[in-house]
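First the structure, in the form of structure tokens, and then the observations on it.
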2 protein chains.
Amino acid sequence: MTQVTTHGPHERATAPVMADVARLAGVSHQTVSRVLNLHPNVAPQTRERVEIAIAQLGYRRNTAARALATRSTCTLGVISVETSQYGPSSTLFAIEGAARAGGYFINLVSLRQVDRRHMREAVDHLMGAGVEGLVAISPLRSAVEALRGLSIDVPLVEVEATDLAAETGVVVDQHAGARAATRHLLALGHQTVVHVAGPDGWLEAQARMRGWQSALLDAGREVRDVLAGDWTARSGYAAGRELAGPVARGEVSAIFVANDQMALGLLRALAEAGLGAPDDVSVVGFDDIPEAAFYPPPLTTLRQDFGEVGRRCIELLMARIEGRPAVARPAIRPQLLVRASTGPPAGAPRPGGASGATPGP
Amino acid sequence: MTQVTTHGPHERATAPVMADVARLAGVSHQTVSRVLNLHPNVAPQTRERVEIAIAQLGYRRNTAARALATRSTCTLGVISVETSQYGPSSTLFAIEGAARAGGYFINLVSLRQVDRRHMREAVDHLMGAGVEGLVAISPLRSAVEALRGLSIDVPLVEVEATDLAAETGVVVDQHAGARAATRHLLALGHQTVVHVAGPDGWLEAQARMRGWQSALLDAGREVRDVLAGDWTARSGYAAGRELAGPVARGEVSAIFVANDQMALGLLRALAEAGLGAPDDVSVVGFDDIPEAAFYPPPLTTLRQDFGEVGRRCIELLMARIEGRPAVARPAIRPQLLVRASTGPPAGAPRPGGASGATPGP
DNA sequence: CCTCATCCTGTGAACGCTCACACGACCGTC
DNA sequence: GACGGTCGTGTGAGCGTTCACAGGATGAGG
């Protein structure tokens with residue numbers, strides 16, 4: 001069936017193509033293309049005629065044809081772990097915004113399980129879509145390793161892969177953040193700091209633990225065993241139950257918890273044991289999730305600038321795609337926010353006025 | 001420059017195309033296409049030869065060319081509000097998973113601000129990408145309205161647009177959830193229930209408020225003014241401060257808060273005033289975020305099945321794209337989870353041995 | 001042995017765009 | 001007036017796939 005090619009606004013079965021615009025404007029398809037691509041050598045008058053024709057027909061350039069001809073899809077793939085964790089999802093949105101601002105489309109894959117097979121599938125899916133670059137939000141060691149095994153023939157930027165990808169990714173200096181948290185607690189007068197860590201496979205968890213360790217060692221303080229959690233409030237609660245005894249006996253006066261959710265659970269368990277922060281124990285979290293300021297008590301924590309993470313990510317990826325040299329940037333440092341959950345140890349003189357109300361019985 | 005066309009695994013400048021596979025397998029490009037598209041009429045032996053050639057060359061079908069020829073991009077657009085709220089981000093991941101399982105790619109746009117201009121841009125961006133269908137995670141009235149104004153020539157499914165899109169979207173019965181929450185509190189013996197609502201523009205907030213209202217009216221109870229929040233723990237905290245007085249004076253004994261984060265802030269404010277749940281007041285939240293079980297005290301709340309929301313979304317969208325009649329499904333009902341934050345009013349006989357209450361019969 | 005249907009395969013033309021190139025008009029310069 | 005350069009425009013050939021159609025085998029039935 002041949003195409004209907006009437007002028008004027010007309011309901012048509014098929015979407016208008018460049019040739020239709022050209023015919024309506026009385027120019028060649030190439031001139032239309034030039035207008036669309038902002039080529040300088042088009043007479044203003046011609047340009048206007050074409051633009052009117054485009055508007056009149058509601059013409060929209062066919063991306064597939066364009067991609068086929070130019071061999072570029074203007075699409076980036078993002079692989080994210082499927083978690084409603086505050087960090088990854090904030091990062092995802094920041095990445096999307098930055099990519100769109102840079103004229104790229106975002107093709108998303110989320111991974112419920114992070115193993116080699118699922119990672120392979122995800123990468124295949126995205127390569128199949130013809131992405132020109134890949135962002136992996138891969139805070140898990142397993143994700144990084146799964147990625148290592150794969151032969152990926154487009155630029156790849158890893159987010160939060162810490163030291164494993166200092167060269168190829170965007171990192172937040174978790175180590176420095178953890179040091180800051182620990183030093184804050186020591187500066188308040190605590191003898192040492194206990195750590196409730198994130199799950200084993202998470203690189204951030206590891207970096208935070210190391211930072212805590214190094215700060216203690218630098219200060220010549222005792223490094224006790226860590227309690228392992230899994231980011232959930234539930235695991236923080238379990239840790240809190242374990243620590244309630246030592247806290248009550250005065251053996252533990254300061255706790256650095258690897259994220260805010262676990263800190264919530266921990267505070268809950270301590271409260272059930274009749275222990276409150278900062279009177280009986282000081283607690284520092286990590287992330288500054290929006291609720292952290294409303295914990296019982298408001299939580300001292302470390303804020304990460306996820307927006308900046310996303311922007312750097314895309315900047316780096318675009319540079320690599322276009323073959324530009326990537327500007328090396330210092331790692332992003334988390335910022336310590338001191339709230340009500342930390343204070344001097346019980347024996348020390350206290351400034352006073354802290355609310356620290358322990359809810360419940 | 002003409003293409004190098006050696007056989008065997010060879011590093012080549014350009015990715016192999018169908019013709020290369022055909023040549024290596026000694027068949028025509030069309031036969032390769034048939035193998036790829038699982039056409040039945042291919043001799044098993046030929047199929048195998050082609051498959052070996054594909055594997056050997058690492059051939060990958062060019063999506064752009066395929067899209068151009070078939071006029072289908074296998075891509076869905078998702079517009080999401082940019083929020084790290086538990087609900088929307090869980091829904092997003094669920095949608096992605098369901099779409100990928102159905103063989104579709106997901107093109108994501110997130111909206112920092114939801115107004116007509118940004119919505120228009122988002123839709124344009126996605127239409128430009130050639131999406132075949134659109135999912136809008138649009139829990140905001142403004143989003144729904146912005147969408148209404150736009151002429152979108154692909155199927156659209158709205159998530160969480162409640163009554164405004166009962167026909168065209170996937171909805172969770174917020175109204176029923178709110179009624180369940182309210183009835184639960186009344187059943188415990190509370191005279192009436194106060195409501196801390198979500199922000200004005202959010203449809204879920206409105207539906208939850210109406211549900212609360214209708215349950216009270218059905219029971220012939222007093223409907224007081226609502227306190228408006230904005231989903232954040234901060235606003236819940238503010239509401240808590242306002243309610244502390246009435247609670248202390250025994251004027252308020254039960255509060256239904258429109259989401260869990262606000263409930264957290266509210267509990268915090270009450271705790272600061274020396275008031276605890278469930279002894280002094282009962283509190284119900286909404287969403288069942290993972291932390292809700294670890295609130296002080298563990299929160300009675302309503303769980304929404306976001307995974308189901310995502311799956312229905314894609315099911316509906318695919319049906320519409322393929323012109324199949326969509327199966328009408330009843331709205332998804334949230335499930336009441338009774339935890340420790342709710343109990344009988346202070347005056348009533350109490351089952352448990354909580355603080356200084358008169359033991360029940 | 002011929003016919004017809006069925007299976008398998010190949011040929012050429014779209015699909016809608018961009019790229020490389022060619023061409024005429026116009027300007028200034030010698 | 002001839003010449004080279006720039007500007008504006010048009011022509012035709014791809015990009016890599018699928019679709020429509022045309023064949024050449026092969027087997028069953030007359």
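Owing to the predicted nature of the structure, the values given are computational and were not obtained by experimental measurement. Proteins get letters first, then strands, A, B, ... in listed order; numbering begins at 1 in each.
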Quick one: are A:Met18 and A:Leu36 in side-chain contact, heavy atoms under 4.5 Å?
yes
If you take all heavy atoms of B:Ala65 and A:Leu68, which pair is closest and at what distance?
CB-CD1, 3.7 Å
Below 4.0 angstrom from OP1 or OP2 of D:dT17, is there any side-chain N or O of B:Arg71?
no
Nearest heavy-atom pair of B:His118 and B:Leu111: which atoms, and what distance?
O-CD1, 4.0 Å
At under 4.0 Å, does any side-chain N or O of A:Arg61 touch on OP1 or OP2 of C:dT18?
yes
Starting from C1' on D:dC19, measure out to NE2 on B:His39 and report it in whole angstrom.
12 Å
What's the closest nucleotide to the side chain of A:Val42 if the choices are D:dT18, D:dT9, C:dG16?
D:dT9
Indicate the atoms forming the closest heavy-atom contact of A:Leu203 with A:Ser138, along with that distance.
CD1-O, 4.1 Å
Closest non-hydrogen contact found for A:Leu76 with A:Ala99 is CD1-CB, 4.2 Å
Looking only at non-hydrogen atoms, find the nearest pair between A:Arg49 and A:Val27 and report the distance.
NH2-CG1, 3.5 Å
Working note: B:Glu308 + B:Arg311, criterion salt bridge (Lys or Arg N to Asp or Glu O under 4.0 Å); need CA distance, chi angles, decisive distance, verdict.
CA-CA 5 Å; B:Glu308 178 66 16; B:Arg311 282 188 295 275; 3.2 Å; yes
Can you check the A:Leu68 CG to C:dA14 C1' distance for me, whole Å?
13 Å
Ignoring hydrogens and angles, state whether a donor on the side chain of B:Asn37 or B:Arg66 is under 3.5 Å from an acceptor on the partner side chain.
yes
Near DNA chain D, counting only heavy atoms under 4.0 Å, which residues of residues 122-129 of chain B show up?
none
Measure the angle between the two terminal helix axes of the helix from C:dC1-D:dG30 to C:dC30-D:dG1, five base pairs each, and quote it to 10°.
50°
Could you tell me whether B:Thr63 contacts a base, only the sugar-phosphate backbone, or nothing, with contacts defined as non-hydrogen atoms closer than 4.0 Å?
nothing
Check DNA chain D against residues 27-38 of chain B and give the residues with a non-hydrogen atom under 4.0 Å, in numerical order.
B:His29, B:Gln30, B:Ser33, B:Asn37
Is the phosphate of C:dG16 approached by A:Asn62 (side-chain N or O, under 4.0 Å from OP1 or OP2)?
no
Distance check needed: C:dC7 C1' versus B:Gln45 CD, whole Å only.
15 Å
Worked verdict on B:Arg320 versus B:Glu315 for salt bridge (Lys or Arg N to Asp or Glu O under 4.0 Å)
CA-CA 9 Å; B:Arg320 228 171 268 165; B:Glu315 181 187 312; over 6 Å; no
For B:Pro44 and B:Ala69, take the nucleotide of DNA chain C holding the closest heavy atom to each; which residue's nucleotide lies nearer the 5' end?
B:Pro44
Could you pull out the closest heavy-atom pair between A:Ile95 and A:Cys313, with the gap in Å?
CD1-SG, 4.0 Å
Atom CG of A:Asp20 and atom C1' of C:dC17 are separated, to the nearest Å, by 13 Å
What is the distance, rounded to the nearest whole Å, between atom CG of A:Asn41 and atom C1' of C:dC26?
14 Å
Check whether any side-chain heavy atom of A:Val157 sits under 4.5 Å from a side-chain heavy atom of A:Ile314, and report yes or no.
no
